[in-house]
Q: 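I'd like to ask some things about the structure below.
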Amino acid sequence: MLDIPAIRSDFPILSRKVYDKDLIYFDNAATTQKPRCVVEKIEADYYNVNANIHRGVHFLSQAATEAHEEARRTVQRFINAGDPKEIVFTRGTTESINLVASTFADACMQPGDEVILSQMEHHSNIVPWQIQAARKGIAVKVVPVTDNGELDMEAFRSLFSGRTRLVSLTHVSNVLGTINPVKEIIAEAHRRQVPVLIDGAQAVPHLRVDVRDLDADFYVFSGHKIYGPTGIGVLYGKEEWLDKLPPYQGGGEMIASVSFEKTTFGELPFKFEAGTPDYIGSTALARALQYVSGLGMDAIAAYEDELLRYATARLQEIEGVRIFGTSPHKGAVLSFLVRDIHPYDMGMLLDRFGVAVRTGHHCAQPLMQRLGVEGTVRASFSFYNTKEEIDVFIDAVKRVAAMF
């Protein structure tokens, strides 16, 4: 059981007022709020161990280096990677996917080779592959989404061909909340000797993720969605794959030696971490992972599922409501429309009641086209939210609907 009042006290922003109303923050799929311990970790490291890492022999540099590498080990343990060298720090999910798309296309794809995506992907798992399609002449194939918001697995299997080189799919949809059967997807691809990249941005904050159990070849996520700072993210890659891929960027940190005749690159994971890394962000991310680990990922998943079910039932009380994503396997995301009320209008008026939701296409325009709408209102929940907040939210939606 989670002690929700104690948890909420760890997040000072939740006690603030918005338009003289108590803030109700239901935009957690976009970014999560930060517990006090994460912010204090950032402050403490800047005040006590701020020095460039890896290259210095002095005390502060050695201390900062050890803290950064311990953060890497914390991430490794959190997702059960086999070795710290399989953890690459990036700026977030988007950079992680771009890194794989660029280097994998360079090393492993020829014109006419294919990558399989899905209709429910975030733009960050579409646009990088379109860039490679334009640059390298590769082809993008797309798994359709069923009416209840699930991947059409029969269609997925039919998309494989002798030219399929990679599958790149989301673990949890940021719009529909659908939890995709990624272990089955990975097994299907591996039977055809095709590697798989999983976008875990919406999964890691809410579910227990074990990359070795999934057998994922690549798995990516962002720090700011799991209560950590912005500008830090993770690329997990199996050692055998990271060894095959060329560097993504050049500069300091990622080299073994440099001359004007030849440069040799560093070992994993450093060949993918050019320049001064975010050694403050990495340690703050590690603190965030320790925080959620202390609460228990299974307890978090159970409580958030309870919130989702309660909110779904309450929302269905409203005449004319349409919920997008009705799979029985969902994360804590609720996308909806009420009659023909524009989502922007709904979101703006809910804000006046102190309720923060997301409106628009949620960086998933191809999915919106599949759903036949321009956008939705999205409420997304965290373990620091409550049923009482949901009641206020539902009352606010009803009052907005009455205005129209």
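Everything numeric in this text was worked out from a predicted model, so none of it was measured.
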Q: Ignoring hydrogens and geometry beyond distance, is a side-chain donor-acceptor pair present between H68 and D278 at under 3.5 Å?
A: no
Q: Determine whether more than 12 heavy atoms belonging to other residues, nucleotides or ligands lie under 6.0 Å from atom CZ of R399.
A: no
Q: For the backbone of D83 and the side chain of E86, can you confirm whether one donor and one acceptor N or O come within less than 3.5 Å of each other?
A: yes
Q: Hey, does L2 have a side-chain heavy atom less than 4.5 Å from the side chain of I7?
A: yes
Q: I'd like a table of donor-acceptor pairs (distance under 3.5 Å, sequence neighbours excluded) in which one partner is a side-chain atom from residues 225-232, with atom names and distances.
A:
| residue | atom | partner | partner atom | Å |
| --- | --- | --- | --- | --- |
| K225 | NZ | A29 | O | 2.8 |
| K225 | NZ | A30 | O | 2.8 |
| Y227 | OH | S382 | OG | 2.8 |

Q: Within a radius of less than 6.0 Å around CD of E154, do more than 12 heavy atoms belonging to other residues, nucleotides or ligands occur?
A: no
Q: Under the criterion salt bridge (charged side-chain N to carboxylate O under 4.0 Å, His left out), I'd like the reasoning laid out for E389 against R8: C-alpha separation, chi angles, the key distance, then a yes or no.
A: CA-CA 12 Å; E389 289 182 319; R8 287 179 63 86; 3.2 Å; yes
Q: Quick one: does any side-chain atom of S173 pair with a main-chain N or O of T178 as donor and acceptor, under 3.5 Å?
A: no
Q: Would you say Y236 and D217 are linked by a side-chain donor-acceptor pair, where the criterion is simply a distance under 3.5 Å?
A: no
Q: Would you say the side-chain atoms of D152 and T146 include a donor-acceptor pair closer than 3.5 Å?
A: no
Q: Checking the side chain of S102 only, and the main-chain atoms of N98 only, is there a donor and an acceptor separated by less than 3.5 Å?
A: no
Q: Report the residues that fulfil side-chain hydrogen bond (donor to acceptor under 3.5 Å, both in side chains) with D27, sequence neighbours left out, ordered by chain and then residue number.
A: R358
Q: Tell me which donor-acceptor pairs under 3.5 Å the side chains of residues 331-350 have, and how far apart each pair is, sequence neighbours excluded?
A:
| residue | atom | partner | partner atom | Å |
| --- | --- | --- | --- | --- |
| S335 | OG | V175 | O | 2.6 |
| R339 | NH2 | A401 | O | 2.8 |
| H342 | ND1 | Y344 | N | 3.0 |

Q: Return yes if a side-chain donor-acceptor contact under 3.5 Å exists between H122 and Q202, otherwise no.
A: no
Q: Are the side chain of N180 and the backbone of V182 linked by a donor-acceptor contact shorter than 3.5 Å?
A: no
Q: Report yes or no: do Y279 and N50 form a side-chain donor-acceptor pair below 3.5 Å?
A: yes
Q: Give a yes or no on whether E267 atom CD has more than 12 heavy-atom contacts from other residues, nucleotides or ligands under 6.0 Å away.
A: no
Q: Taking all heavy atoms of A101 and all of W129, pick out the closest pair and write down the distance.
A: CA-CH2, 3.5 Å
Q: Using a distance-only test with no angle check, is there a side-chain donor-acceptor pair under 3.5 angstrom linking T90 and S96?
A: yes
Q: Please answer whether the main-chain N or O of F104 pairs with a side-chain N or O of R165 as donor and acceptor at a distance below 3.5 Å.
A: no
Q: Please determine, by modelled atom types, if D45 and T283 share a side-chain donor-acceptor pair under 3.5 angstrom.
A: yes
Q: Run the numbers on E70 and R77 for salt bridge (charged side-chain N to carboxylate O under 4.0 Å, His left out), then give the verdict.
A: CA-CA 11 Å; E70 179 56 32; R77 293 189 292 268; 2.9 Å; yes
Q: Less than 3.5 Å apart, which donor and acceptor atoms pair up between the side chains of residues 268-276 and the rest of the protein, not counting sequence neighbours?
A:
| residue | atom | partner | partner atom | Å |
| --- | --- | --- | --- | --- |
| K271 | NZ | L242 | O | 3.1 |
| K271 | NZ | D243 | O | 3.4 |
| K271 | NZ | L245 | O | 2.6 |
| E273 | OE1 | R72 | NH2 | 3.0 |
| E273 | OE2 | R72 | NH1 | 2.8 |
| E273 | OE2 | F89 | N | 2.7 |
| T276 | OG1 | N52 | ND2 | 3.1 |

Q: Would you find a donor on one side and an acceptor on the other, under 3.5 Å apart, between the side chain of S259 and the backbone of E261?
A: yes
Q: Look at the side chain of K330 and the backbone N and O of G325, then say whether any donor-acceptor pair between them is shorter than 3.5 Å.
A: yes
Q: Looking at D215 and K238, is there a salt bridge between them, counting it only when a charged N and a carboxylate O are closer than 4.0 Å?
A: yes
Q: If you measure only the distance, is there a donor-acceptor pair under 3.5 Å linking the side chains of S327 and H329?
A: no
Q: Please check if the number of heavy atoms outside R91 that lie under 6.0 Å from its CZ is greater than 12.
A: no
Q: Which donor-acceptor pairs under 3.5 Å do side chains of residues 368-376 form with protein atoms, sequence neighbours excluded?
A:
| residue | atom | partner | partner atom | Å |
| --- | --- | --- | --- | --- |
| R370 | NE | V145 | O | 2.9 |
| R370 | NH2 | V145 | O | 2.9 |
| R370 | NH2 | D147 | OD1 | 2.8 |
| T376 | OG1 | H362 | NE2 | 2.8 |

Q: Can you list every pair that meets side chain to side chain donor-acceptor pair (under 3.5 Å) and has a residue in residues 288-298, with sequence neighbours left out?
A: D10-Y291, R208-D298, R287-Q290
Q: Check whether any side-chain N or O of S118 sits under 3.5 Å from a backbone N or O of L169 as a donor-acceptor pair, and report yes or no.
A: no
Q: Donor-acceptor check, side chain of R163 to backbone of P111, threshold 3.5 angstrom: yes or no?
A: yes
Q: When you check the gap from the basic side-chain N to the acidic O, do D106 and R135 get nearer than 4.0 Å?
A: yes
Q: Does the separation of the ring centres of F11 and Y384 fall below 6.0 angstrom?
A: yes
Q: So, D305 and R309, do they make that salt bridge, N to O below 4.0 Å?
A: yes
Q: Any Lys/Arg nitrogen of E184 or R157 sitting under 4.0 Å from an Asp/Glu carboxylate oxygen of the other?
A: yes
Q: Assess whether a salt bridge exists between E239 and K85, defined as any Lys/Arg side-chain N lying under 4.0 Å from an Asp/Glu carboxylate O.
A: yes
Q: Mind checking whether F26 and F393 have ring centres under 6.0 Å apart?
A: yes
Q: Could you check whether any side-chain heavy atom of I116 comes within less than 4.5 Å of a side-chain heavy atom of F156, counting everything from C-beta outward?
A: yes
Q: Using modelled atom types only, decide if a donor and an acceptor are shared between the side chain of E121 and the backbone of T170 within a distance under 3.5 Å.
A: yes
Q: Looking only at heavy atoms, what is the nearest atom pair of Y25 and N385, with distance?
A: O-ND2, 3.2 Å
Q: Looking at E66 and R73, is any side-chain nitrogen of the basic one under 4.0 Å from a carboxylate oxygen of the acidic one?
A: yes
Q: Is the closest side-chain donor-acceptor distance between H224 and T31 under 3.5 Å?
A: yes
Q: Do the ring centers of H171 and H206 come within less than 6.0 Å of each other?
A: no
